[in-house]
There are 2 protein chains.
Amino acid sequence: MNKRVTIKQIAIELNVSMMTVSRALNDRSNVDSRTKQRVLETAARLGYKPNYVAKSLALNKTFSIGVVFPEISHSFFPEVIKGIERVASKNEYQLILSYTAENQSREIQALQTLESKRVDGILISMAQDVDNTDHYKVLIDDGIPLTFFDRCATGLGASCVRIDDYQSALLVMKHLMGLGYEKIAHLHGPVELELGRQRLEGYKDAMKSGNLSFREEWLVESGFSEKGGYEAMNNILALRKPDMPEAVMCVNDPVAIGAMEAISLAGLKVPDDIAITGFTDDVRAKLIRVPLTTIEQPTYAIGKKAARKLLRHIASKDEEVEDIVLDTRLIVRESCGARKKSEKLSVL
Amino acid sequence: MNKRVTIKQIAIELNVSMMTVSRALNDRSNVDSRTKQRVLETAARLGYKPNYVAKSLALNKTFSIGVVFPEISHSFFPEVIKGIERVASKNEYQLILSYTAENQSREIQALQTLESKRVDGILISMAQDVDNTDHYKVLIDDGIPLTFFDRCATGLGASCVRIDDYQSALLVMKHLMGLGYEKIAHLHGPVELELGRQRLEGYKDAMKSGNLSFREEWLVESGFSEKGGYEAMNNILALRKPDMPEAVMCVNDPVAIGAMEAISLAGLKVPDDIAITGFTDDVRAKLIRVPLTTIEQPTYAIGKKAARKLLRHIASKDEEVEDIVLDTRLIVRESCGARKKSEKLSVL
DNA sequence: TTGTATGCGTTATCAT
DNA sequence: ATGATAACGCATACAA
């Protein structure tokens, strides 16, 4: 390994000052075009590679943004990250990824590290068990642009890109109620998260507005995983006949899939015995034996919008704080006894 | 935003030198335990956050590793990255992600940027259309530890973590031949990639060793996507009756899924009219209407092993270059007319 | 145990 | 158009 080529060496080689080399390399206007040429040639010949670490220190800017997310599920977050990456790379930003595994202490750790690495901004989707927001406040106080996506903390003065969880939940509930279901249960997400609360509120309000009688036993926390859905559903299935719901609205698709598994193992059928709905439109939703009625989210767009918003915050401290809400769509499949029988791709 | 706290300010505050502060902060032995205490307290009180950019410049080490990958498919790469992340974060390394979209020029760009950011090492899975390896050589010449995963370049003196594509292909072919199939086609990946070549060789050698007659028309390049598989399969389906294969070995699951779609649209049935095999065990493989016989790869383990190997290369320039080959397993489902009817999860 | 001088590679600022 | 100097924040090497 040869010792790394620096600006200094190019300067010596050409008998000019480091500043001239720096200017030429950065394509500044105040350099003689011939000297610029010579610098560029020499740099190429010597195999010069700019040192962004030094540059970052001098400029107090790293061209990195941190992305903090709780889960690498089968489809949602990778797709969001793809959107983020698209926007970031177009603007010559790099992504530093931090996975929190739904764990608050890992999230705190990740944010500290990102701050120390002096990222120019951070995109974050909250971990499931976050129970206070001090670690976000620290960043905001330190002037680090912070933008939430999907799972947002409110009241901190940070922008947020998300869907309308409340309205989407209403959408699901109206669909179920429209099909005549009255006894509807809800496997809900952690109420620590706004997202969990909103979907829960949508459920409750829909029940109320439909004048449907409601029981506490129909509300079970499931988390966001298949396992959580499976276990929560077993609680529901343990109810005795008149208490048994006819339909279950699940907080997301993995939970719905876990719930369907529990139902199946109990010897019951979806949708004949119990109808099920999801949320997210996981890749698997249309493929499982009884395709899942669910809410489709503009995943890729969430990533792109969040990244764009963050970049604007980075570019200007005066960028307006915004709560960006993207549209969702109800996808009716067969898990509620809908009539629709096939999707576009016949094999799937 | 308050101005950032530095070591210098702590030093002034306590009337000691910067070095004393630095030593205390880094938990060196040669500091009086009381002064260390005072430093730590003051640092906490002032809200000191170490500046890793400056630290990196001084130490010539960034504690970052670059991860370059071609695709964010539904399951494979996210899962590998999860494994990488696990090992990296345990060792206090951060991940800088670069997505190449199967594109060589983006790959070259990504590697240059990572080198300029002075990552301590790079993990890479080659883009599909890479036709020369000069950009890897540059990195290696510059002494940047480089470890390939899944899609490796050979003969460069870089370590590689992968599966045995040749043997796995043989496994698939033996299965097909064992079921009595003789006219077997292969939708193959790009031959620029070792992975594509190996699976192709496995196919050819199996045909040869089984004394099966072989036709050029049974070899169609499909790339790695559903769309590629769909189009390639249509080429096969255009063949006239005696030339039509009875089975098709696909280079991966997305291609197999695309191929099944083409078959279905042609009014034919899998496996009755044509048997299909995949490779990778995509999340969808067990869920589609005719579950797919495929090769299961130890995805998460690939990520972990690759990360560990890279970390060792970073720790010691003398770390042995290794070709690490992980085991695979044939998963028999129904796409070849196997007898097995169900999987563990009944609902799926 | 603590301090001083110097360097890491780059750019801003102020000269010339 | 070009150059000299200082600064970014931290750590190494050596001295006291």
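Numbers restart at 1 for each chain; the letters A, B, ... are given by sequence-line order, proteins then strands. All values below were derived from every heavy atom in this structure, side-chain atoms included, with hydrogens, water molecules and symmetry-related copies excluded.
When distances are taken from the side chain of B:Leu57 to each of D:dG9, C:dT10, C:dG3, the shortest belongs to D:dG9. With D:dT2, C:dT2, C:dT11 as the choices, the nucleotide that has an atom nearest any side-chain atom of B:Asp32 turns out to be C:dT2.
With salt bridges taken as basic N to acidic carboxylate O contacts below 4.0 Å, one links B:Lys309 and B:Glu319. A salt bridge between B:Glu85 and A:Arg106 is present, with a side-chain N of the basic residue lying under 4.0 Å from a carboxylate O of the acidic one. Residues A:Lys82 and B:Glu71 are paired through a salt bridge, judged by an N-O separation under 4.0 Å between the basic side chain and the carboxylate. Salt-bridge formation is not detected for the pair B:Glu320/B:Arg312: no Lys NZ or Arg NE/NH1/NH2 atom is positioned less than 4.0 Å from an Asp or Glu carboxylate oxygen.
Rounded to whole angstrom, the span from the CZ atom of A:Phe63 across to the C1' atom of C:dT10 amounts to 14 Å. Distance CE (A:Met18) to P (C:dC8): 10 Å, rounded to an integer number of Å. A straight line from CD1 of B:Ile12 to P of D:dC10 spans 13 Å, rounded to a whole angstrom. Taking atom NZ of A:Lys8 as the reference point, atom P of C:dT11 lies 15 Å away to the nearest angstrom. In this entry the distance linking CZ of B:Arg118 with P of D:dC10 reads 21 Å, nearest Å. The separation between A:Lys117 atom NZ and D:dC8 atom P is 23 Å, rounded to whole Å. When rounded to the nearest whole Å, the span between NZ of B:Lys61 and P of D:dC10 equals 19 Å. Atom CG of B:Asn30 is separated from atom P of D:dC14 by 15 Å (rounded to the nearest Å).
Checked by atom type, the side-chain pair A:Thr147/A:His313 shows no donor-acceptor distance below 3.5 Å. In the model, A:Thr113 has a side-chain atom that pairs as donor or acceptor with a side-chain atom of A:Gln109 under 3.5 Å.
Note on ring orientation: taking the six-membered ring where Trp is involved, the planes of A:Phe69 and A:Tyr99 are tilted (angle from 30° to 60°). Using a 30° and 60° split on the angle between ring planes, A:Phe149 and A:Phe77 fall in the perpendicular class, above 60°.
Counting any heavy atom pair closer than 4.0 Å across all strands shown, B:Val16 reaches sugar-phosphate atoms only and no base atom.
Residue A:Ser17 places at least one side-chain N or O closer than 4.0 Å to OP1 or OP2 of D:dG3. OP1 or OP2 of D:dG3 lies within a sub-4.0 Å distance of a side-chain N or O belonging to A:Thr20. Put simply, A:Lys55 has a side-chain N or O that comes within less than 4.0 Å of OP1 or OP2 on C:dT11. In this model, the phosphate group of C:dT11 is approached by a side-chain N or O of A:Ser22 to a distance below 4.0 Å at OP1 or OP2.
Contacts between residues 33-52 of chain A and DNA chain D, defined by a heavy-atom separation under 4.0 Å, are made by A:Thr35.
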Going through the checks in order, is the salt bridge (charged side-chain N to carboxylate O under 4.0 Å, His left out) test met by A:Glu194 and A:Arg162?
CA-CA 11 Å; A:Glu194 186 65 20; A:Arg162 61 181 181 92; over 6 Å; no
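In this structure, B:Glu107 contributes its side chain and B:Ala127 its backbone to a donor-acceptor pair below 3.5 Å.
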Quick test: give all pairs of protein nitrogen or oxygen and nucleotides 12-16 of chain C nitrogen or oxygen below 3.5 Å, distance rounded to 0.1 Å.
none

